[in-house]
Protein chains: 2
Amino acid sequence: MKPKKLTINEIAEMARVSKGTVSKILNNKPGISQDTRRRVMDIVGHLDYFPNSAAQALAYQRTNNIGLVIPHEAGISLAGSYWSALITAIAQTAAGQNYNLMLLTPHIEGDLEQVYDSVLRSHKVDGLIIGAELVDKRSLSRIVLADLPLVMVGQNSEFHHYFVDINNHRAAYQMTEHMIECGKRHPAFISGPLEYQYNRERVQGFTDALAAKGISGATGAVEAYDTHQIQGEVLRLLRDNPGIDSLFIGAGGEFMLDVIDQLRRNHINFTHFGLAVFDDYPYLNFLNPRLTAVHQPIHEMGVAATTMLMKLIQNQSLDHPSEIIETHIVVRGSCGEPTT
Amino acid sequence: MKPKKLTINEIAEMARVSKGTVSKILNNKPGISQDTRRRVMDIVGHLDYFPNSAAQALAYQRTNNIGLVIPHEAGISLAGSYWSALITAIAQTAAGQNYNLMLLTPHIEGDLEQVYDSVLRSHKVDGLIIGAELVDKRSLSRIVLADLPLVMVGQNSEFHHYFVDINNHRAAYQMTEHMIECGKRHPAFISGPLEYQYNRERVQGFTDALAAKGISGATGAVEAYDTHQIQGEVLRLLRDNPGIDSLFIGAGGEFMLDVIDQLRRNHINFTHFGLAVFDDYPYLNFLNPRLTAVHQPIHEMGVAATTMLMKLIQNQSLDHPSEIIETHIVVRGSCGEPTT
DNA sequence: CTGAAAGCGCTTACAG
DNA sequence: CTGAAAGCGCTTACAG
């Protein structure tokens with residue numbers, strides 16, 4: 001014998017008013033006497049009544065949910081903390097506006113299209129946040145065509161749309177300057193796959209900074225985030241450029257760890273050989289060497305993306321169709337200290 | 001000029017049948033002619049129609065959503081990768097059964113009660129997964145009373161209910177045996193706050209293993225996960241027990257890092273001093289010393305919890321009201337190698 | 001095999 | 001200030 005379910009009808013009955021009146025009171029509409037308002041609110045409070053959200057969604061034509069698409073491997077990869085930070089930032093910000101976060105992930109790897117499709121057509125969410133690297137042009141345009149508000153985290157070179165991002169070029173540029181200020185004179189850069197726009201920008205930032213200082217450097221890029229490939233490329237860089245005195249690792253996570261692992265195998269002496277990395281993690285404080293890193297404010301990115309999406313959903317005008325969040329460098333010594 | 005919205009009415013109209021018929025076809029009900037079935041499915045396929053989920057939720061009285069409560073600090077703490085792994089495991093498993101995962105988090109820290117309450121009463125989800133340490137007895141009983149299926153990850157000593165967990169006692173016991181097999185003869189254990197059941201069980205596992213081998217050890221526990229407290233307790237352990245030759249760190253994340261940090265400050269020589277830790281992380285491969293750790297299969301726990309919840313939601317009988325997932329030890333050498 | 005109608009729990013003009 | 005009624009987009013007995 002379960003307790004009878006509590007709907008607006010029960011409240012109306014108990015308060016001896018129509019359910020329309022109860023609805024108006026709950027939604028703070030004007031034109032209700034103080035007396036009945038109090039009477040109804042009293043009952044609502046005591047019974048701890050909340051309106052059924054499916055019914056509200058149907059009536060209002062909005063769900064008060066937003067969706068975040070996460071990749072299949074977020075759980076097992078080292079990038080887990082990245083996703084975790086993004087997710088909680090989004091969920092919290094959304095919660096502040098009475099929105100809930102729905103996680104969208106394919107059951108089997110890949111196959112994101114189907115996820116978009118069903119969620120989009122079934123109106124499960126009022127808007128979507130997607131990592132730019134997680135979508136192809138086709139899926140994106142379908143979403144936009146379906147008139148579903150969308151904000152990307154990062155940029156997609158194939159598809160321009162609302163986004164939140166960092167300035168990859170500038171961040172790489174600054175870090176390269178830092179390396180030079182630390183006395184490095186022949187730095188190298190190892191990049192992730194150049195198919196990703198952010199990697200191309202980071203390489204460019206590196207080479208531009210070198211050019212500005214009239215310093216020559218070496219660059220290398222892998223074709224895929226794959227341990228074997230990565231370590232092979234590190235080896236090539238070391239062999240082909242025996243004079244390099246430092247390495248700027250263009251991405252964090254396992255990419256970084258694979259690189260460092262390979263450097264160790266080659267008995268690189270980190271006391272002299274400088275190291276810098278793009279992407280900061282709490283555990284870097286405990287790694288040896290203590291890596292100087294570009295810090296991406298992930299939490300702020302999540303907040304910014306969510307705020308932006310909320311405005312789009314509510315048809316508010318956006319000051320800017322995109323937002324660039326500032327990065328900063330966390331100096332830990334792996335590249336020495338600036339001598340200037 | 002947005003495209004007119006697509007509902008079951010439009011489909012019915014185009015196929016020249018009633019919407020009831022369309023509904024039956026979409027839900028694979030019997031008693032429909034092959035002919036109209038094909039005709040309708042054709043249109044549905046071409047127009048890429050999906051039923052509105054709010055309407056379905058209202059009619060079916062279920063949402064096809066499950067909720068996961070995550071703590072406020074999941075995003076910024078080192079435990080981020082733990083949550084990330086749990087979240088993706090749950091989301092994927094749920095997706096396989098056509099369920100979506102909704103993330104529940106308070107807007108401001110603490111204040112979980114309100115989160116439960118609104119979500120629960122507004123029928124946003126059909127079931128809930130909660131970390132055992134994240135709830136007080138009162139909230140839990142309200143959920144259960146409201147008849148909302150619930151599975152906990154971990155156990156709550158104040159409230160017995162469906163749960164998925166590891167065997168903390170056995171895991172600690174095994175690791176302690178490993179330490180002894182590695183030749184350690186005076187090990188110490190440092191535990192997180194004893195108010196948490198899992199910490200009490202781990203301490204017990206440690207002392208039981210020692211007792212079985214007739215070996216004496218030292219134990220210490222902090223009262224809160226706080227850097228200062230933790231490092232103070234490490235110091236106390238070292239001072240009060242000058243003879244200890246190894247330390248079993250009872251929890252991972254920043255707790256572990258704080259402990260190691262303190263050991264380093266005290267110039268502990270990790271070549272001789274053994275180290276073991278409860279909780280495994282990908283980055284442990286890159287820490288110095290390379291920590292031997294108890295590995296919790298987080299992904300499997302997420303899968304198990306979700307599977308269990310699904311059964312509860314569908315009123316299927318459970319073989320067991322709880323599930324214990326096996327842990328294993330990842331030997332990395334910080335404690336030496338077994339000599340037996 | 002097919003359709004008309006009631007119902008799921010809300011909101012919102014509209015009439016009084 | 002209040003209520004009756006229609007509508008949101010589905011499903012499901014029920015009648016034919």
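Basis for what follows: all heavy atoms, side chains included, without hydrogens, waters or symmetry-related copies. Chain identifiers are assigned alphabetically (A, B, ...) following the order of the sequence lines, protein sequences preceding nucleic acid strands; residue numbering begins at 1 within each chain.
- Taking atom NZ of residue B:Lys124 and atom P of nucleotide C:dC10, one finds them 14 Å apart after rounding to whole Å.
- Across the interface with DNA chain C, nearest-nucleotide mapping of B:Ala59 and B:Ser18 shows B:Ser18 to be the residue nearer the 5′ end.
- Between the side chain of A:Asn100 and the main chain of A:Asn65, no donor-acceptor pair closer than 3.5 Å is present.
- At whole-Å resolution of the value, NZ in A:Lys19 and C1' in C:dG9 are 7 Å apart.
- Rounded to whole Å, the distance from CG on A:Asn52 to P on D:dG9 is 17 Å.
- Of the residues B:Leu120, B:Leu312, B:Val144, the one that meets the side chain to side chain contact (heavy atoms under 4.5 Å, CB included) test with B:Leu150 is B:Val144.
- When the P atom of C:dC10 is taken as reference, atom CD of B:Gln61 falls 10 Å away, rounded to whole Å.
- As judged by a 4.0 angstrom heavy-atom cut-off over every strand, B:Ser23 is placed among the base-contacting residues.
- Classification of the A:Phe159-A:His161 ring pair by plane angle, with boundaries at 30° and 60°, yields tilted.
- A:Asn27 has its CG atom 15 Å from the C1' atom of C:dA13, to the nearest Å.
- Contacts between residues 30-48 of chain A and DNA chain D, defined by a heavy-atom separation below 4.0 Å, involve A:Gly31, A:Ile32, A:Ser33, A:Thr36, listed by number.
- Rounded to whole angstrom, the span from the NZ atom of A:Lys5 across to the P atom of C:dC8 amounts to 8 Å.
- B:Ser18 and B:Thr21 share a donor-acceptor pair across their side chains, judged by distance under 3.5 Å alone.
- With rounding to whole Å, B:Ile25 atom CD1 is found 12 Å from C:dC1 atom P.
- In this entry the distance linking CZ of B:Arg62 with P of D:dT12 reads 9 Å, nearest Å.
- Under 4.0 angstrom from either OP1 or OP2 of D:dG9 there lies no side-chain N or O belonging to B:Gln56.
- The pair B:Lys5-A:Asp147 does not meet the salt-bridge criterion, since no charged nitrogen lies less than 4.0 angstrom from a carboxylate oxygen.
- Set against C:dC10, D:dC10, C:dG9, the side chain of B:Tyr49 has D:dC10 as its closest nucleotide.
- With a cut-off of 3.5 Å on both pairing distances, the Watson-Crick or G-U wobble partner of D:dA15 is C:dT2.
- Atom CD of A:Glu195 has more than 12 neighbouring heavy atoms from other residues, nucleotides or ligands inside a 6.0 Å radius.
- Residue A:Lys24 is in base contact, counting any heavy-atom pair closer than 4.0 Å across all strands shown.
- Between C:dG3 and B:Thr21, a contact under 4.0 Å exists linking OP1 or OP2 to a side-chain N or O.
- Between the side chains of B:Gln56 and B:Ser53, no donor-acceptor pair is found at a separation under 3.5 Å.
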